[in-house]
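In what follows, a single structure is set out as structure tokens and then discussed.
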Amino acid sequence: MSENDTGAAPSAAPKHFLEQWIEDDVAAGRTGGKVVTRFPPEPNGYLHIGHAKAICLDFGMAEKFGGECHLRLDDTNPTKESDEFAENIKEDIRWLGFDWGEHFYSAADYFDTMYEIAERLVQTGRAYVCFLSQEEWKKHRGIPTEPGIPSPWRDTPPEENLARLRDMKAGKYKDGECCLRAKIDMASPNIHFRDPVLYRINRLPHYHLGTKWCIYPMYDFAHPIEDALEGVTHSMCTLEFEVHRPLYDWVVDRMDEMGMLVERGGVKIRPHQREFSRLGISYTVMSKRKLAELVEKGLVSGWDDPRMPTLCGLRRRGYPARAVRAFCEGVGITKFISTTDVGILESAVRDELNKSAPRRMAVLDPVKLVIENMAPGETHECDAVNNPEDPAAGTRKVRFGRELWVERADFMKDPPKKFHRLSPGREVRLKYACLFTCTGFSEDENGNVTEIRGTWDPASLGGNAPDGHAVRGTIHWADAATALALPVRLYDRLFSVENPDADPDRDFKELLNPESRKDATALCEPALAAAVPADGAVQFERLGYFFPDPIDSKPGAPVFNRTATLRDSWAKIAKGG
RNA sequence: UGCCUCUUGGUGUAACGGUAGCACAACUGACUCUGGAUCAGUUUGUCCAGGUUCGAAUCCUGGAGAGGCAACCA
């Protein structure tokens with residue numbers, strides 16, 4: 001799926017600092033002829049749009065430099081990992097349009113090697129088994145401003161450590177009774193150098209390896225080993241791992257000493273880590289914990305609720321994968337902490353859907369319109385354009401008769417001058433059908449309009465004014481005799497404030513937008529019965545983009561999710577006065 | 001009162017010592033059988049103070065502000 005098919009010179013696009021970094025390494029011959037990146041999710045949750053940014057970066061850089069990107073499940077902690085998460089992760093990445101080819105790996109693939117490295121570190125006096133409790137260790141470790149105190153187990157002879165490590169592996173100790181620590185520097189200003197844990201005991205079964213192991217490597221130990229073993233050249237992650245980098249390099253150094261770095265093209269491949277800023281988007285939250293809380297408390301319908309920033313949620317909402325990718329390209333890669341306006345995402349979605357979505361007519365808040373100079377039972381057909389942005393999409397026939405449904409908001413009893421829609425004495429165009437002049441209306445005792453009356457100009461069938469005079473307003477409609485009532489879900493932003501994380505003392509759940517989902521029934525032109533998820537979102541003319549819900553739709557009976565509204569400049573005029 | 005990182009319009013970013021540009025948003029106008037789309041145009045910015053330089057968003061010094069690090073999570 002090439003993005004550079006426009007003929008534009010690739011060198012013209014500005015390079016972000018990571019692309020520059022890779023380019024320099026390639027030029028210096030450090031990659032052995034192949035750039036290798038990796039996307040390493042832990043299968044303990046669903047991917048969200050923040051992950052999409054990383055996926056686009058990891059796969060995108062590999063593609064740009066003609067290399068490969070490995071999908072590697074970082075399953076080093078059996079506590080919350082499962083195949084369900086693993087499968088969803090794969091599906092989401094494929095949906096985005098990326099392909100890892102043969103390069104699917106799992107941290108668990110390397111457990112034997114990792115253990116072997118651990119034993120060698122013990123044998124060379126670079127690691128020891130520590131029996132300090134977590135509370136005791138917390139005191140020993142110290143705080144960033146003060147050096148730590150060495151563990152009493154720090155100088156245990158290697159042979160004893162080796163025996164204890166083997167006992168750990170053999171299950172002779174209880175969970176948490178001891179751990180394997182690297183012996184580095186208890187006085188380092190970098191906490192991660194103060195004898196970090198390499199292995200801990202955990203008897204929960206691993207989702208793939210079952211009870212084969214009762215000890216599991218920590219991320220800081222496992223990640224550089226995985227990268228090195230796979231010949232990864234460029235390991236990109238988010239900013240919070242920046243302080244872990246010296247430890248990453250320490251592990252790679254040890255592997256180098258052990259002669260374990262892979263060679264490619266006569267070059268020893270040393271993986272390097274660099275960090276970039278994670279994606280933040282306004283009016284939503286991105287933390288796995290908070291998203292999980294929304295799901296668990298039933299505040300959304302699930303991980304794939306169309307209001308969720310998860311990839312499965314966006315997909316169910318009707319966001320095209322291309323739009324998500326275009327958005328990720330657009331936000332760029334930097335080290336600044338930032339929050340991207342959700343409007344930019346929505347803009348990417350509209351931009352994509354405007355080009356691709358077929359147009360249909362549906363009325364969300366209906367009021368009856370009667371064409372008084374048309375006989376009951378009289379019907380006409382008109383040609384409707386399927387997509388003005390794509391002539392190849394052709395036209396379709398739409399039927400109409402004496403009674404139609406039109407949008408309540410398209411009528412005003414006493415309108416301001418700039419209102420170009422229905423009101424007594426005014427003429428509008430009924431899209432694709434004819435010109436219509438409003439002559440009167442009825443209302444109930446509360447002043448709610450119940451019926452709009454008027455006359456049509458039969459000579460304008462097809463929408464053209466016979467004398468060529470200009471008609472300012474065009475409104476959409478549905479034929480009352482044939483309209484289909486279909487359920488729609490009107491989605492809006494999940495939170496009512498820009499930054500739900502802003503105040504740590506305020507429960508973010510109180511900031512949910514109570515209007516983020518409104519259910520309604522749309523009166524639709526009959527063609528809409530055939531809408532299916534595989535065809536993507538359709539545009540309800542003048543209203544927005546709507547996508548058949550993949551779960552709740554039945555054949556011939558779609559349930560529509562509103563993906564995005566159309567820009568509405570009348571709303572701005574009306575609001576501004 | 002430790003270490004590391006960052007600071008460019010409202011928001012996200014570009015400019016690698018040489019005209020501060022782009023996208024989104026906003027605002028004008030044109031066009032339009034979607035008050036959509038499209039097209040043209042406008043408004044808004046280098047955190048502060050010094051220094052180096054013919055010339056600084058960029059280099060140096062100091063300050064201010066923001067974020068990260070003290071899980072046997074990743």
Side-chain angles (χ1 to χ4, degrees), chain A residues 13-17 20 40-42 44-45 74 76-77 79-80 130 132-134 137-138 141-148 175-181 188-192 194 196-202 215-216 218-220 222-223 237-246 275 277 279-280 282 288 330-348 350-351 354-355 359 361 384-385 388-389 418-421 428-433 435 462-465 471-476 498 539-544 565-574:
Chain A
K15 295 178 187 117
H16 53 70
F17 74 104
Q20 189 63 57
E42 186 186 12
N44 70 347
D74 217 356
T76 57
N77 182 353
T79 309
K80 294 165 292 179
C130 175
L132 245 27
S133 71
Q134 285 186 56
W137 173 252
K138 201 172 174 180
R141 183 184 46 220
I143 54 175
T145 51
E146 291 166 26
D175 285 23
E177 188 176 348
C178 60
C179 64
L180 182 73
R181 320 194 85 94
S188 172
N190 184 339
I191 291 282
H192 298 96
R194 322 246 268 225
V197 173
L198 264 24
Y199 266 93
R200 80 289 213 182
I201 303 170
N202 186 345
I215 59 171
Y216 290 91
M218 299 291 290
Y219 168 87
D220 282 327
H223 208 83
C237 60
T238 46
L239 244 31
E240 67 270 25
F241 290 99
E242 204 159 24
V243 284
H244 295 240
R245 193 156 96 202
E275 311 80 17
S277 175
L279 176 66
S282 60
K288 213 179 258 186
V331 295
I333 303 291
T334 67
K335 297 184 78 158
F336 327 145
I337 50 111
S338 61
T339 303
T340 297
D341 192 324
V342 70
I344 294 179
L345 210 210
E346 291 165 348
S347 169
R350 289 193 189 102
D351 186 51
N354 175 51
K355 289 181 274 186
R359 271 59 167 176
M361 290 201 290
V385 174
E389 304 295 317
K418 289 188 216 163
F419 186 78
H420 304 309
R421 308 177 189 180
V428 299
R429 188 192 313 276
L430 295 171
K431 181 117 187 162
Y432 304 126
L435 298 181
N464 299 309
V471 177
R472 196 62 200 271
T474 299
I475 64 170
H476 61 98
E498 234 178 274
Q539 185 194 100
F540 289 4
E541 296 223 32
R542 302 210 305 138
L543 295 175
T565 59
L566 251 30
R567 286 180 67 221
D568 186 353
S569 44
W570 165 246
K572 278 181 225 157
I573 295 166

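Small disclaimer: the values here were computed from a predicted structure and weren't measured.
In this entry the distance linking CD of A:E240 with P of B:C3 reads 22 Å, nearest Å. Distance A:H16 NE2 to B:A14 C1': 13 Å, rounded to the nearest Å. Rounding to whole angstrom units, OH of residue A:Y199 and C1' of B:A71 are separated by 18 Å. Spacing between atom CD1 of A:I143 and atom C1' of B:U1 amounts to 10 Å, rounded to whole angstrom units. Between the NZ atom of A:K80 and the P atom of B:C73 there is a distance of 9 Å, given to the nearest Å. Between the C1' atom of B:C72 and the CD1 atom of A:I215 lies a distance of 12 Å, rounded to the nearest Å. Taking atom CD1 of residue A:I201 and atom P of nucleotide B:A71, one finds them 19 Å apart after rounding to whole Å. We find that CG of A:N44 is positioned 14 Å from C1' of B:A71, with the value rounded to whole Å.
Pairing partner, B:A37: none, since no Watson-Crick or wobble contact has both distances short of 3.5 Å. The partner of B:U13, taking Watson-Crick or G-U wobble pairs whose two distances both stay under 3.5 Å, is B:G21. In this structure B:A74 sits in no base pair that meets the Watson-Crick or G-U test at under 3.5 Å. With a cut-off of 3.5 Å on both pairing distances, B:U32 has no Watson-Crick or G-U wobble partner at all. Pairing for B:U1 is absent, with no Watson-Crick or G-U wobble pair whose two atom distances lie under 3.5 Å. Pair check for B:A56 finds none; no Watson-Crick or G-U wobble contact set falls under 3.5 Å. In this structure B:C6 sits in a base pair with B:G65, meeting the Watson-Crick or G-U test at under 3.5 Å. The base-pairing partner of B:A26, taking Watson-Crick or G-U wobble contacts with both distances under 3.5 Å, is B:U42.
In this structure, A:E541 reaches the bases: a heavy-atom distance under 4.0 Å links it to at least one base atom across the strands shown. A:F241 comes within 4.0 angstrom of a nucleotide base, judged by non-hydrogen atoms across all strands. No contact: A:E346 has no heavy atom under 4.0 Å from any strand. The residue A:E242 sits close only to the backbone: its heavy atoms come under 4.0 Å of sugar-phosphate atoms, none of a base. Within 4.0 Å (heavy atoms only), A:R429 reaches at least one base atom of the nucleic acid. A:G176 comes within contact range of at least one nucleobase, with a heavy-atom separation under 4.0 Å. Residue A:H476 is classed as having no contact, given no heavy-atom separation below 4.0 Å to the nucleic acid. A:S188 comes within contact range of no nucleotide atom at all, as no heavy-atom separation falls under 4.0 Å. A:L132 comes within 4.0 angstrom of a base, heavy atoms only. Heavy atoms of A:P388 sit under 4.0 angstrom from at least one base atom. Within the nucleic acid shown, A:K335 comes within 4.0 Å of sugar-phosphate atoms alone, with no base atom in reach, counting heavy atoms only. Residue contacts shown for A:S282 are absent, as no nucleic acid heavy atom lies under 4.0 Å away. Across all strands shown, A:N77 has heavy atoms under 4.0 Å from sugar-phosphate atoms exclusively, and none from any base.
In this structure, the nucleotide among B:G35, B:G2, B:C6 sitting nearest to the side chain of A:S569 is B:G35. Side-chain proximity of A:M218 to the nucleotides B:C73, B:A14, B:U34 is greatest for B:C73. The A:W570 side chain lies nearest to B:G35 when the options are B:A74, B:G35, B:C72. Proximity note for A:Y219 (side chain, C-beta onward) versus B:C72, B:U34, B:A74: the nearest is B:A74. Listed nucleotides: B:A74, B:G12, B:G36. Nearest to the side chain of A:L566: B:G36. Which of B:C72, B:C69, B:A74 sits closest to the side chain of A:I191 comes down to B:C69. When distances run from any side-chain atom of A:Q20 to the nucleotides B:C69, B:C16, B:C72, the shortest one goes to B:C16. For A:F419, taking side-chain heavy atoms from C-beta onward, the closest of the listed nucleotides B:U13, B:G35, B:G2 is B:G35. Comparing B:A66, B:U34, B:A70 by their nearest atom to the side chain of A:I337 picks out B:A66. Residue A:F336 has its side chain nearest to B:U8 when only B:A37, B:U8, B:A74 are considered.
Listed pair A:R200 / B:C73 meets the phosphate criterion, a side-chain N or O lying under 4.0 Å from OP1 or OP2. Checking the phosphate oxygens (OP1, OP2) of B:G35, a side-chain nitrogen or oxygen of A:R542 falls inside 4.0 Å. Residue A:R141 has a polar side-chain atom (N or O) positioned under 4.0 Å from OP1 or OP2 of B:A71. The phosphate of B:G67 (OP1 or OP2) has no side-chain N or O of A:S277 nearer than 4.0 angstrom. Between A:T334 and B:G12 there is no side-chain N or O to OP1 or OP2 distance below 4.0 Å.
Shown here for A:M361 and A:Y432, the closest heavy-atom pair between the two residues is CE-CD1, 4.1 Å.
A donor and an acceptor atom, one from each side chain of A:N77 and A:T79, are located under 3.5 Å apart.
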Are there any protein N/O atoms within less than 3.5 Å of an N/O atom in nucleotides 21-30 of chain B, and if so, which ones and at what distance?
from: B:A26; atom 1: OP1; to: A:K572; atom 2: NZ; distance (Å): 2.8

Assess the residue pair A:H16 and A:T334 against the criterion (side-chain contact (heavy atoms from CB on, under 4.5 Å)); give the C-alpha distance rounded to whole Å, side-chain angles, the decisive distance to 0.1 Å, and a yes or no.
CA-CA 7 Å; A:H16 53 70; A:T334 67; over 6 Å; no

Passes side-chain contact (heavy atoms from CB on, under 4.5 Å), A:Q539 versus A:R350? Steps please.
CA-CA 10 Å; A:Q539 185 194 100; A:R350 289 193 189 102; over 6 Å; no

Any chance you could lay out the side-chain contact (heavy atoms from CB on, under 4.5 Å) test for A:V243 and A:H192, step after step, and finish with the verdict?
CA-CA 7 Å; A:V243 284; A:H192 298 96; 3.5 Å; yes

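Atom C1' of B:U58 sits at a distance of 16 Å from the matching atom of B:G45, rounded to the whole Å.
Against the 90° criterion about 0, the sugar-base torsion of B:A37 places it in the anti range.
Within the 3.5 Å criterion, the main-chain N or O of A:I191 finds no donor-acceptor partner in the side chain of A:R141. In this structure, A:S282 contributes its side chain and A:E498 its backbone to no donor-acceptor pair below 3.5 Å.
In this structure, A:H244 and A:Y219 have perpendicular ring planes: the angle between them is above 60°, well past the 30° mark.
Taking CG of A:L132 as the reference point, atom SG of A:C178 lies at 11.5 Å (rounded to 0.5 Å).
A:R542 forms no cation-pi arrangement with A:W570, by the criterion of a distance under 6.0 Å to the ring centre and an angle within 45° of the ring axis.
Among A:L198, A:L180, A:V197, the single residue meeting the side chain to side chain contact (heavy atoms under 4.5 Å, CB included) criterion with A:M218 is A:V197.
Nearest-nucleotide mapping onto RNA chain B: of A:G142 and A:P189, the residue sitting toward the 5' end is A:P189. Nearer to the 5' terminus of RNA chain B, by closest-nucleotide assignment, is the contact made by A:R359 (compared with the other of A:R359 and A:D220).
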